[in-house]
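Here the structure is laid out as structure tokens; the discussion comes afterwards.
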Amino acid sequence: MSALNLDDFAHLIERPDGGVRRTAEERRARLAVPPGALGRLDELGEWLAAAQQQVPVRPLARPRVLLFAGDHGVAQLGVSARPAGTTRDLVRAALDGASPAAVLARGAGAQLRVVDLAVDCAPEELPEEVTRHRVRRGSGRIDIEDALTAEEAEAAFRTGMALADEEADAGTDLVVLGDLSVGGTTAASTLIAALCGTDASVVTGRGGSPIDDLAWMRKCAAIRDALRRARPVLGDQLELLAAVGGADLTAMTGFLLQSAVRRTPVILDGVVSAACALVAQRVAFRAPDWWVAGQASGEPAQAKALDRIALNPLLDHGVTAGEGTGALLALPLVQAAAALAAELPVRD
């Protein structure tokens, strides 16, 4: 296996086609509906046209929901409302169609795919197509140890890249990206605090299932301790992910970067995907042009990351469920933008 060089992404990733975007803007000015009347839907339609390199834009035919799953050792400290090691239950609910993300995906006509990177259960407890990419059983406790070894981090990153290639080759025209994890927001908040140069208290939120004050203090202390381990490796993004990320977050980062290489647009969900996007931006500054933020989750770390990336969430409904739910709520908006840009008549 050749050595993984993240610097290559800065050269491989191009921005969505600016010339096509200007053509889409000119076409929009000739539509029967007055300019500005559709608000951000105009902007989304032009973004999709530039990504597809086509005017008028193609309506979205094959959106896909990808949920990266993993347990985090830091959950043993009681930083989450869910017991440590119970990501398996979240995975099972999504596969059974009983989670909010599964319900919304069905309604939007998007196929849902769950990828196990570090779920803490025996592999035979989940379907083989879910577990075949697993890197390890649970990521390390980031307040006292690395989440991954260097070899595991590279394996997880390459898995994310391979998944992006699979989706692009299968004709997926938009990815809704989310996570299934217990302790994932603690790891994500640590990454964001490290990259933004802020203290633990500034980024510590209440999580998808809101925690009480005592759990919040435990979470804040865990992020503080993890930050001490993160700061010495800030210059190497893969080392940073190995130290305080986890297999699921590392794979998501690889997925985001390779999706940008393959010109696949992505809707980000909550704080976990925002953290991975922030790491990916450090690797390749043009990569964020291929993403939109689905919703504001209320997590302070997500707000800080999106501000740094310069992404403005499409929705703000106070949804804290995570698991891709917020991004899925934004999917119909993006689908509507594509349909309007494609099908509204142009004035003579």
Side-chain angles (χ1 to χ4, degrees), residues 1-13 68 70-75 115 117-118 133-164 177 179 181 183-200 203 222-261 271-288 301 304-305 308-309:
M1 185 190 307
S2 61
L4 183 61
N5 184 6
L6 300 193
D7 292 338
D8 290 343
F9 285 105
H11 306 292
L12 291 170
I13 294 174
F68 287 69
D71 280 294
H72 293 262
V74 73
V115 184
L117 275 303
H133 293 295
R134 180 183 289 187
V135 172
R136 58 181 282 168
R137 181 169 172 167
S139 295
R141 212 182 105 181
I142 59 173
D143 61 319
I144 58 171
E145 64 181 347
D146 286 347
L148 306 169
T149 66
E151 293 76 17
E152 288 167 346
E154 180 167 345
F157 195 96
R158 288 185 182 277
T159 294
M161 292 174 59
L163 290 167
L177 185 63
D179 70 285
S181 63
T185 63
T186 302
S189 299
T190 301
L191 287 169
I192 292 168
L195 291 171
C196 293
T198 57
D199 294 331
V203 298
I223 294 172
R224 178 202 64 208
D225 293 342
L227 273 173
R228 295 194 185 108
R229 305 185 57 263
R231 290 181 178 123
V233 294
L234 275 176
D236 187 314
Q237 306 309 314
L238 198 56
E239 277 192 52
L240 178 65
L241 288 163
V244 297
D248 48 348
L249 276 71
T250 303
M252 287 175 76
T253 305
F255 179 87
L256 282 168
L257 286 165
Q258 188 64 13
S259 289
V261 172
V271 65
V272 173
S273 57
C276 298
L278 184 59
V279 178
Q281 184 205 36
R282 288 297 185 98
V283 175
F285 69 95
R286 288 186 286 262
K304 186 162 285 293
R308 186 62 62 93
I309 304 170

TODO: Applying side chain to side chain contact (heavy atoms under 4.5 Å, CB included), run through M252 and L117 and close with a yes or a no.
DONE: CA-CA 10 Å; M252 287 175 76; L117 275 303; over 6 Å; no
- [ ] State whether the side chain of R224 and the backbone N or O of D199 hold a donor-acceptor pair below 3.5 Å, judged by distance alone.
- [x] no
Task: Shortest non-hydrogen separation from A230 to A194 and the atoms involved - done: CB-CB, 4.0 Å
Task: Smallest separation among heavy atoms of I223 and A200, with atom names - done: CG2-CB, 3.7 Å
TODO: Search all heavy atoms of A10 against all heavy atoms of R286 and return the closest pair with its distance.
DONE: O-NH2, 2.5 Å
Task: Nearest-0.5 Å distance that lies between atom CG in D179 and atom CG in D248 - done: 7.0 Å
Open item on the list: Testing the basics here: between I13 and A284, what is the closest heavy-atom pair and its distance to 0.1 Å?
Closed with: CD1-CB, 3.7 Å
Open item on the list: Tell me every residue that passes side-chain contact (heavy atoms from CB on, under 4.5 Å) with A301, counting only those two or more places apart in sequence or in another chain.
Closed with: S189, I192, V203, V271
- [ ] Report yes or no: does S259 contribute a side-chain atom to a donor-acceptor pair with the main-chain N or O of A164 at less than 3.5 Å?
- [x] no
Open item on the list: Is there a side chain to side chain contact (heavy atoms under 4.5 Å, CB included) between L241 and L148? Walk through the geometry before answering.
Closed with: CA-CA 8 Å; L241 288 163; L148 306 169; 5.9 Å; no
Open item on the list: Keeping R282 on the side-chain end and L195 on the backbone end, is there a donor-acceptor pair under 3.5 Å?
Closed with: yes
- [ ] Determine yes or no for a side-chain-to-main-chain donor-acceptor pair under 3.5 angstrom, with R229 supplying the side chain and V244 the backbone.
- [x] no
Open item on the list: When you compare the side chain of L278 with that of K304, does any pair of heavy atoms fall below 4.5 Å?
Closed with: no
Open item on the list: Rounded at 0.5 Å granularity, tell me how far OG in S273 sits from CZ in F68.
Closed with: 11.0 Å
- [ ] Supply the atom-to-atom distance R231 CZ to L227 CG, rounded to the nearest 0.5 angstrom.
- [x] 4.5 Å
- [ ] Enter the distance from Q281:CD to L256:CG here, rounded to the nearest 0.5 Å.
- [x] 12.0 Å
Task: Beyond-backbone contact of F9 with M161, side-chain heavy atoms, under 4.5 angstrom - done: yes
TODO: Please confirm whether the backbone N or O of A147 pairs with a side-chain atom of R136, one donor and one acceptor, at under 3.5 Å?
DONE: yes
Open item on the list: I need the L4 CG to L238 CG distance, nearest 0.5 Å.
Closed with: 6.0 Å
Task: Straight-line distance of L240 CG to L249 CG, nearest 0.5 Å - done: 10.5 Å
Open item on the list: Working note: D225 + I144, criterion side chain to side chain contact (heavy atoms under 4.5 Å, CB included); need CA distance, chi angles, decisive distance, verdict.
Closed with: CA-CA 7 Å; D225 293 342; I144 58 171; over 6 Å; no
- [ ] Take F157 and L6 through the test side chain to side chain contact (heavy atoms under 4.5 Å, CB included) and record every step on the way to the result.
- [x] CA-CA 10 Å; F157 195 96; L6 300 193; 3.5 Å; yes
TODO: Heavy atoms only: give me the nearest I309-P288 pair and the separation to one decimal.
DONE: CG2-CB, 3.5 Å
Open item on the list: Can you give me the closest heavy-atom contact between A242 and A153, atom names plus distance?
Closed with: CB-CB, 3.7 Å
TODO: Examine distances only and state if a side-chain atom of E145 and a backbone atom of R141 form a donor-acceptor pair shorter than 3.5 Å.
DONE: yes
